[in-house]
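Written below as structure tokens is the structure these notes are about.
Note on naming: letters A, B, ... go to the chains in the order of the sequence lines (proteins, then strands), and numbering restarts at 1 for each one.
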2 protein chains.
Amino acid sequence: MKQQEVFKAMADPTRRAILKRLQGGPLTAGEIGEAFDITPASLSHHFAVLKHADLVRTERRGQYIVYSLNSTVFEDLARMLMDLFPAKGKVGGKL
Amino acid sequence: MKQQEVFKAMADPTRRAILKRLQGGPLTAGEIGEAFDITPASLSHHFAVLKHADLVRTERRGQYIVYSLNSTVFEDLARMLMDLFPAKGKVGGKL
DNA sequence: TAGATATTTAGATATTTTTCTAAATATTGC
DNA sequence: GCAATATTTAGAAAAATATCTAAATATCTA
């Protein structure tokens, strides 16, 4: 996992909002964009960053491109944090 | 909790390394700095960012300033992530 | 195939961030 | 109080990032 890429991707509020929008399930680039006051080009840049960090997956469906969360990275992220902070009473366990 | 500040603070590799160094317990600014090829002034800037995000605490001890991890933020961070990613089989629980 | 729609890429600009040097502040010990 | 040490603050330069407009690419539908 590219730790630096993931943290950098999460540092931008627009990108976190994109991730949040994807919680409800996959959406096209355009559908995601509706929620933001930003050009499609800028959005596309953010998608690229999220994709590079492996936080989202893409799939072309006709003329649309569908984005979805890559939830496996979640576990990695949790581990990353555990690794960054002291154990403090065995919170870790299974996760 | 200042979500934006926390994520921004964690986005820099030097700052993550500082946090990691503090896992073993409190250290003075100078002791932390030994591990990095960076000026004290730059280090101080990083400390300020971490402090602003409430990730570290400071205490003056004589002519030294001692930094320590603020572990309570850890829980907040975990929660933040839970909030950003879908539940996926009740991983959350107690934490 | 041509026109319309969806998305990305290229290139430029503005903002933010990191880092530095120099100077300021705080504290210790003589 | 003065010199030495530890750290921060101020201000500037360099690097990275976010955003935009314009143009390119991919796909659909008539």
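- Judged by distance alone, the side chain of Glu5(A) and the main-chain N or O of Asp54(A) form no donor-acceptor pair under 3.5 Å.
- Neither OP1 nor OP2 of dT17(C) sits under 4.0 Å from any side-chain N or O of His46(B).
- Of the side-chain N and O atoms in Ser42(A), none sit less than 4.0 angstrom from OP1 or OP2 of dA18(D).
- Across the protein-nucleic acid pair, Asp37(A) atom CG and dC20(D) atom C1' stand 13 Å apart, rounded to whole Å.
- Which of dA18(D), dA26(D), dT8(C) sits closest to the side chain of Arg15(A) comes down to dA18(D).
- Between the side chain of Lys51(B) and the backbone N or O of Tyr67(B), no donor-acceptor pair lies under 3.5 Å.
- The residue Tyr67(B) sits close only to the backbone: its heavy atoms come under 4.0 Å of sugar-phosphate atoms, none of a base.
- Contacts of Ala41(B) with the nucleic acid, taken as non-hydrogen atoms under 4.0 Å apart, include base atoms.
- Results of the side-chain contact (heavy atoms from CB on, under 4.5 Å) test with Leu55(B) over Asn70(B), Leu22(B), Leu50(B) single out Leu50(B) as the only residue that passes.
- Remark: C1' of dT17(D) and CE of Met10(A) are 18 Å apart, rounded to the nearest angstrom.
- When distances are taken from the side chain of Thr14(B) to each of dT7(C), dT19(D), dT19(C), the shortest belongs to dT19(C).
- For the residue pair Phe36(B) and Ile32(B), the shortest heavy atom distance occurs at CD1-O, 3.3 Å.
- Atom OH in Tyr64(A) sits about 14 Å away from atom P in dT8(C), given to the nearest Å.
- The separation between Ile38(A) atom CD1 and dA14(C) atom C1' is 14 Å, rounded to whole Å.
- With distances taken from any side-chain atom of Arg60(A) to the nucleotides dT27(D), dT7(D), dT27(C), the minimum falls on dT27(D).
- Counting only heavy atoms from C-beta on, His45(B) has its side chain closest to dT18(C) among dT18(C), dC20(D), dT19(D).
- Rounded to whole Å, atom C1' of dT7(D) lies 16 Å from atom CG of Leu50(B).
- The side chain of Gln63(B) lies closest to dT28(C) when the candidates are dT19(D), dT18(C), dT28(C).
- Nearest-nucleotide positions on DNA chain D for Arg61(A) and Pro40(A) put Pro40(A) closer to the 5' end.
- Look at CZ on Phe7(B): it is 19 Å from C1' on dT16(C), rounded to the nearest Å.
- With Arg16(A) contributing its side chain and Met10(A) its backbone, the two residues share a donor-acceptor pair below 3.5 Å.
- Picking from dT19(C), dC20(C), dC20(D) the nucleotide with the shortest atom distance to the side chain of Thr39(B) gives dC20(C).
- Rounded to a whole Å, the CG atom of Leu43(B) is 16 Å from the C1' atom of dT21(C).
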